[in-house]
Protein chains: 2
Amino acid sequence: MATIKDVAEKACVSIATVSRILNKKGKYSEETESSVHKAAEELGYTPNLTAKRLKTGLTGTIGIAIKEYFLLHYPVLLHTAIKVLNQQNYSVEIILNATMKDCVNLLNRGQFDGLLIAFIDNDEHALRSLIKSRRNFVFLGGSIEREDVNMIEIDYFQGGYIATQHLINLGHDNILFIEDNENLFFTQEIKRGYLFALDESGIQYKENLILYGDHTYSDPGEFTGYNSVRRLISKRQPAKQVAFTKPFRSLEVKAKRHNHQQSGWLRNGREADFSAVLTTDDKIAYGVLKALKDGGLRVPADKSIIGFGNLSSSEYLSTPLTTVEIPLSQMGELGAEILVNNIKRRDSIIKRVKLKIRLAQRETLSKRLT
Amino acid sequence: MATIKDVAEKACVSIATVSRILNKKGKYSEETESSVHKAAEELGYTPNLTAKRLKTGLTGTIGIAIKEYFLLHYPVLLHTAIKVLNQQNYSVEIILNATMKDCVNLLNRGQFDGLLIAFIDNDEHALRSLIKSRRNFVFLGGSIEREDVNMIEIDYFQGGYIATQHLINLGHDNILFIEDNENLFFTQEIKRGYLFALDESGIQYKENLILYGDHTYSDPGEFTGYNSVRRLISKRQPAKQVAFTKPFRSLEVKAKRHNHQQSGWLRNGREADFSAVLTTDDKIAYGVLKALKDGGLRVPADKSIIGFGNLSSSEYLSTPLTTVEIPLSQMGELGAEILVNNIKRRDSIIKRVKLKIRLAQRETLSKRLT
DNA sequence: CTGAAAGCGCTAACAC
DNA sequence: GTGTTAGCGCTTTCAG
């Protein structure tokens with residue numbers, strides 16, 4: 001590969017001159033300019049980016065740390081972020097399933113000018129190193145509570161709240177809530193919103209209306225709210241609480257976990273009546289939809305459903321799924337912009353944005369006849 | 001940031017020793033080893049990747065050039081490729097909407113050890129530079145005819161063929177074919193398969209059974225086969241050939257193009273009867289599905305449909321869409337593996353793989369009653 | 001076993 | 001306007 005030296009020799013100038021001309025910096029005569037360009041052209045010279053980077057300390061690259069689940073199911077987040085970043089002439093590297101600790105290393109290696117950290121589990125220790133490093137990064141989602149980091153949040157609480165409220169306004173008061181298995185931050189926020197809305201309307205929250213789906217974020221292929229609902233609606237085979245059989249990762253999660261094959265249990269062992277369902281993920285809602293269909297129930301005539309996430313597929317379902325729309329595109333865009341400003345302008349003002357969520361109203365809802 | 005020099009000073013050794021120990025190369029005593037590790041630890045030292053790269057000439061990074069349409073709608077290709085690459089300790093950079101010319105530059109800048117080039121339009125001139133550069137790259141899809149490049153192809157012809165044949169076997173002989181607007185290589189291959197299957201069964205191909213949908217790959221949001229079919233089935237408002245109004249990009253494409261708002265025209269202006277539909281993209285099939293529903297026709301009772309691509313959403317449709325499944329995951333995996341072998345083993349044997357396509361049979365097909 | 005030194009390709013003072 | 005030169009942080013001979 002041709003180097004700057006080759007070009008300099010061919011054009012009979014020094015390498016400094018070549019560098020100046022090719023970067024349009026400093027002064028040079030038109031004559032030398034054209035001869036340098038000619039030489040570069042003829043040699044098919046392309047500057048070595050690595051050398052440039054080492055010298056300038058800038059990589060022109062931004063990393064995006066993301067879980068594979070999000071890459072597979074919500075590519076729009078990535079897409080928007082990459083588009084914005086490319087527009088600003090940054091290259092983008094994807095880091096799959098990195099922990100926050102990995103992020104610290106990545107940043108310290110000088111490999112990136114900045115990092116977009118999407119939905120990563122908090123790790124107080126790593127977080128401190130991250131902040132101390134004074135590098136550029138922006139959190140997208142996640143559960144960081146510190147106020148002194150750049151972060152685009154999503155108001156999951158509000159999402160759970162408006163969805164539940166909407167159902168209540170339609171006359172539903174027995175609303176089944178199906179959450180994923182993972183006890184994630186945002187799952188809990190959605191549940192808080194659900195409970196808050198119930199409470200606000202003076203509806204007593206019923207423990208047997210809160211179920212687990214089989215959805216997990218670690219295994220991208222697996223999901224369903226099918227079993228939970230199937231058991232619930234088959235009167236012959238009443239759902240009942242089952243014993244835990246698998247070991248659990250942490251004590252805290254223990255009480256909220258259950259074995260895959262035994263999903264759909266009711267906390268108090270009794271049957272539950274419901275006219276509407278709210279899930280914490282569209283994929284769970286898909287399972288619910290199928291379970292209801294298989295159980296001979298119609299949507300929305302018999303049961304109403306609201307999902308969460310607005311997967312692109314949800315629009316094309318049998319009855320297009322009404323769902324809570326997470327503003328992921330906006331998140332990617334804003335996150336990328338804030339990061340770039342941080343880098344380019346050394347803008348050190350902390351930005352914390354909480355994005356509102358809206359309901360994508362489609363066809364899985366109906367009024368409750370009273 | 002701590003450098004190798006800092007570590008060396010702290011451990012009272014030379015930088016050469018630090019390098020050796022941290023890279024586990026050459027010989028060193030256990031004593032020095034532990035003191036170096038200790039110093040590195042205490043300083044929070046992480047080797048600067050850029051410097052390493054400049055020195056070794058290896059970046060440990062692989063680029064994936066992909067169109068945004070694929071990122072958004074078929075993230076599985078990216079996903080699989082990244083997973084394989086990460087396993088082999090490569091970083092992955094995404095380059096959106098690059099042309100083949102861009103690929104040449106990218107590779108020459110020494111920014112990547114290799115490039116995965118997904119579904120990129122051919123450019124003979126750039127292709128020659130690419131080959132001449134003797135860098136590592138693998139084409140994923142696309143229409144490169146030269147035999148002397150690494151390439152994973154997909155047998156679109158076979159896909160069009162088996163889909164059509166399947167419909168014929170079900171008794172259909174008037175099969176509507178709806179292609180996207182872009183006159184892409186693979187669209188043409190699918191059509192060839194369609195025509196071949198018809199011909200093989202002695203069915204006369206009818207020009208008025210070949211339509212255009214509104215689908216374009218450049219605008220990720222837009223798609224539908226809705227208009228085409230809607231016009232076709234509304235007897236009151238016969239579809240007719242319309243004049244071209246927009247300027248066209250190239251002469252070759254001209255005859256096959258039409259304005260968005262005027263899609264769905266029939267080539268010969270006459271009405272067409274059909275009992276089954278084959279489309280070149282699932283999204284077009286979605287539009288068709290809706291058009292049929294809106295026109296009071298049932299699927300599969302009245303019309304059978306086969307899509308193309310197997311979007312993850314297609315499984316969850318009203319009636320799950322029978323579709324031709326492109327083995328994108330396999331493509332990403334194989335492509336990544338071949339590329340890595342090329343780089344690591346300087347394996348210079350050209351690999352050309354043609355992946356077979358299979359039908360994902362779901363619920364949009366029925367037998368034609370004769 | 002360890003250290004000195006060359007140099008990867010480039011940029012940016014600094015001289016002229 | 002142009003050339004000389006000193007590194008950026010690291011790896012890797014080559015001596016010792």
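Bear in mind the structure is a predicted one, so any value in this text is a computation, not a measurement.
Rounded to a whole Å, the NZ atom of B/Lys55 is 9 Å from the P atom of D/dT13. In this entry the distance linking CD of B/Gln111 with P of C/dC10 reads 14 Å, nearest Å. Rounded to a whole Å, the CD1 atom of A/Ile4 is 14 Å from the P atom of D/dT4. Between A/Asn108 atom CG and D/dG9 atom C1' the separation is 15 Å, expressed in whole Å. In this structure, A/Ile15 places its CD1 atom 13 Å from P of C/dA12, rounding to the nearest Å. Protein atom CD1 of B/Ile21 is 15 Å distant from nucleotide atom P of D/dC10, rounded to whole Å. Look at CD on B/Glu31: it is 11 Å from P on C/dC1, rounded to the nearest Å. For the pair A/Glu9 CD and C/dG9 P, the interatomic distance rounds to 13 Å; values are reported in whole Å.
Between B/Ser29 and C/dT2, a side-chain N or O to OP1/OP2 separation shorter than 4.0 Å is present. At C/dG3, none of the side-chain N or O atoms of B/Tyr28 fall inside 4.0 Å of OP1 or OP2 (strictly under the cut-off). Proximity of B/Asn48 to the phosphate of D/dC8: no side-chain N or O atom is located under 4.0 Å from OP1 or OP2. Contact check, B/Thr56 against D/dT11: no side-chain N or O comes under 4.0 Å of OP1 or OP2. In this model, the phosphate group of D/dG3 is approached by a side-chain N or O of A/Ser14 to a distance below 4.0 Å at OP1 or OP2. The shortest distance between the side-chain N/O atoms of B/Lys52 and the OP1/OP2 oxygens of D/dT11 is below 4.0 Å.
Between B/Ala16 and B/Leu54, the one whose closest nucleotide on DNA chain D sits nearer the 5' end is B/Leu54. Checking B/Glu33 against A/Thr50, the closest nucleotide of DNA chain C that is more toward the 5' end is the one next to B/Glu33. Comparing A/Thr46 and B/Lys27 against DNA chain C, the residue whose closest nucleotide sits nearer the 5' end is B/Lys27.
Across all non-hydrogen atoms, the minimal contact from B/Pro75 to A/Leu71 is CB-O, 3.4 Å. Between B/Gln111 and A/Ser91, the shortest heavy-atom distance links the atoms OE1-OG, 3.6 Å.
The residue B/Ser19 sits close to a base: some heavy atom pair falls under 4.0 Å.
The number of heavy atoms from other shown groups lying within 6.0 Å of CD (A/Glu42) is above 12.
Using the six-membered ring where Trp is involved, B/Tyr156 and B/Phe119 have ring planes that are perpendicular, over 60° apart on the 30 and 60° scheme.
With D/dC10, C/dG9, C/dT11 as the choices, the nucleotide that has an atom nearest any side-chain atom of A/Thr3 turns out to be C/dG9.
A donor and an acceptor atom sit less than 3.5 Å apart, one in the side chain of A/Arg20 and one in the base of D/dG3.
Between the A/Thr50 side chain and the B/Thr50 main chain, no donor and acceptor come within less than 3.5 Å of each other.
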